[in-house]
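Both backbone and side-chain heavy atoms feed into the values below; hydrogens, waters and symmetry mates do not.
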Number of protein chains: 2
Amino acid sequence: MPKELSTAEYQALAELRYRIRKFLREGDTVASETGLEPQQYLLLLMIRGIPNGQEATVSNLAERLVLKHHSVVELIDRMEAHSYVRRSRSREDRRSVLVSLLPRGEKLLEQVAQHRVSELRASGAALANAIAALLKNGRAFHGRRISMARPRKGLEKRRG
Amino acid sequence: MPKELSTAEYQALAELRYRIRKFLREGDTVASETGLEPQQYLLLLMIRGIPNGQEATVSNLAERLVLKHHSVVELIDRMEAHSYVRRSRSREDRRSVLVSLLPRGEKLLEQVAQHRVSELRASGAALANAIAALLKNGRAFHGRRISMARPRKGLEKRRG
DNA sequence: TGCTAGTATATCGTGGCACGATATAAATAT
DNA sequence: ATATTTATATCGTGCCACGATATACTAGCA
């Protein structure tokens, strides 16, 4: 039976969530200033930033957004209504739908993403450090030291 | 006029959001297994994990959740309906409402938080490292090296 | 002491979001 | 040719978040 969590542990979990939340909501604020809902910006970003070797299909986007596929379908519906994206049926597999940005979506995405890149420089490192500091504090989590996983190499180097 | 963002930059932003999203949704899954909605778990956690020296008032909770105060009011309404929390009027300032956990809420929070602490050990460090790695790679953001805020100890070096 | 300004919470209408259940179409396996 | 699997789509439902607006309480000031 696991031990009861202490107040310090609850506070550490809460602080972690607060920092992540604050960081994400900064981006949401910028998105809403351009007329985009937070999830809409995220979908545009996931379409534009789909990993190499993948296509922006409903199922791939569902995976990247960590949502059930029909939630993505409905999100795309709403985006189509605003002319941010369009659907087209895949030639290779006619069950699949490819989602691509329309110029309006591309432009709005760029405005938000520009801002987000700037903010990442300002606060992204602080977020990473805050998370690492919270994890490092062994006392916050059962008083035992956490063994940090060794990070992999940078993204660009991974792909050959 | 800022330069156009490259595909690599979009991919880096998208990857960052994917990792954060994946991490958060792990917790959501555990929360929903206990019958809690994601935001409900978060509210319970913010009440229990309020920083020392603060009280769990609507305005303090709104700050910790990075929400408008009336969104917190409505969230508390829904939680009260489930007997997870209760409101009480502050003696010191009768405008303020103090929110506290009821036994049912406390129990559900503990179940989820226990699981989250375990998962933090497993994936929290990976998240921090992923964020740091994405930020560190200067090419992903305008090809210029980002000057990392100096962490107390280097992430990689901290623990072997 | 009374009035004004500021602060904290509450309510309502509205639209976005997410899911489970269910359905259809296409591809694959047998 | 049939059965199974996979991809997307639709609907009902409840949760979430905000702007606009309202009420109650506290603090400051003349």
To the nearest angstrom, the CD-C1' distance between A/Glu80 and D/dT8 comes to 13 Å
Hits for side-chain contact (heavy atoms from CB on, under 4.5 Å) against B/Gln54, two or more places apart or cross-chain, chain-then-number order -> B/Ile50, B/Pro51, B/Asn60
Span of DNA chain C engaged by chain A, first through last nucleotide within the 4.0 Å heavy-atom cut-off, is C/dG16 to C/dA27
Comparing nearest nucleotides in DNA chain C, the 5'-proximal residue of the pair A/Arg91, B/Arg87 is B/Arg87
*Would you say A/Leu98 and A/Met79 are hydrophobically clustered, going by side-chain heavy atoms of ILVMFWY under 4.5 Å?*
no
Taken to the nearest 0.5 Å, the spacing of A/Leu101 CG from A/Glu110 CD works out to 11.0 Å
Within residues 47-68 of chain B, those residues having any heavy atom closer than 4.0 Å to DNA chain D are B/Leu67, B/Lys68
(Q) Assess, by modelled atom type and distance only, whether the side chains of B/Glu55 and B/Thr57 contain a donor and an acceptor separated by less than 3.5 Å. (A) no
A/Thr7 meets the side-chain contact (heavy atoms from CB on, under 4.5 Å) criterion, sequence neighbours left out, with A/Gln11, B/Arg48
For residues 80-134 of chain A, the ring pair (Phe, Tyr, Trp, His ring centres under 6.0 Å) pairs (sequence neighbours left out) are A/His82-A/Tyr84
Distance-only donor-acceptor pairs under 3.5 Å for side chains of residues 63-73 of chain A, two or more places apart:
unit_1	atom_1	unit_2	atom_2	d
A/Arg64	NH1	B/Glu15	OE1	3.4
A/Arg64	NH2	B/Glu15	OE1	2.7

note: B/Glu92, atom CD; D/dC25, atom C1'; distance rounded to Å ~ 14 Å
Across all chains, not counting sequence neighbours, the side-chain contact (heavy atoms from CB on, under 4.5 Å) partners of A/Arg89 are A/Arg94, A/Val97
Can you give each donor-acceptor pair under 3.5 Å made by side-chain atoms of residues 36-47 of chain A, sequence neighbours left out, with the distance rounded to 0.1 Å?
unit_1	atom_1	unit_2	atom_2	d
A/Gln39	OE1	B/Arg21	NH1	3.1
A/Gln40	OE1	A/Glu37	N	3.1

Applying side-chain contact (heavy atoms from CB on, under 4.5 Å) to B/Ser83 and not counting sequence neighbours gives B/Leu102, B/Arg104
The answer to which of B/His69 and A/His82 contacts DNA chain C further toward the 5' end, by nearest nucleotide, is B/His69
Main-chain N/O of A/Glu9 paired with A/Ser6 side-chain donor or acceptor, under 3.5 Å = yes
Residues 69-78 of chain B vs salt bridge (charged side-chain N to carboxylate O under 4.0 Å, His left out), sequence neighbours excluded, gives B/Asp77-B/Arg87
What residues 24-44 of chain B contributes to the DNA chain C interface at heavy-atom separation below 4.0 Å is B/Arg25
The correct set of residues in residues 93-109 of chain A placing a heavy atom under 4.0 Å from DNA chain C is A/Asp93, A/Arg94, A/Arg95
Evaluation steps, side-chain contact (heavy atoms from CB on, under 4.5 Å), between A/Val99 and A/Leu61
CA-CA 9 Å; A/Val99 192; A/Leu61 291 169; 4.0 Å; yes
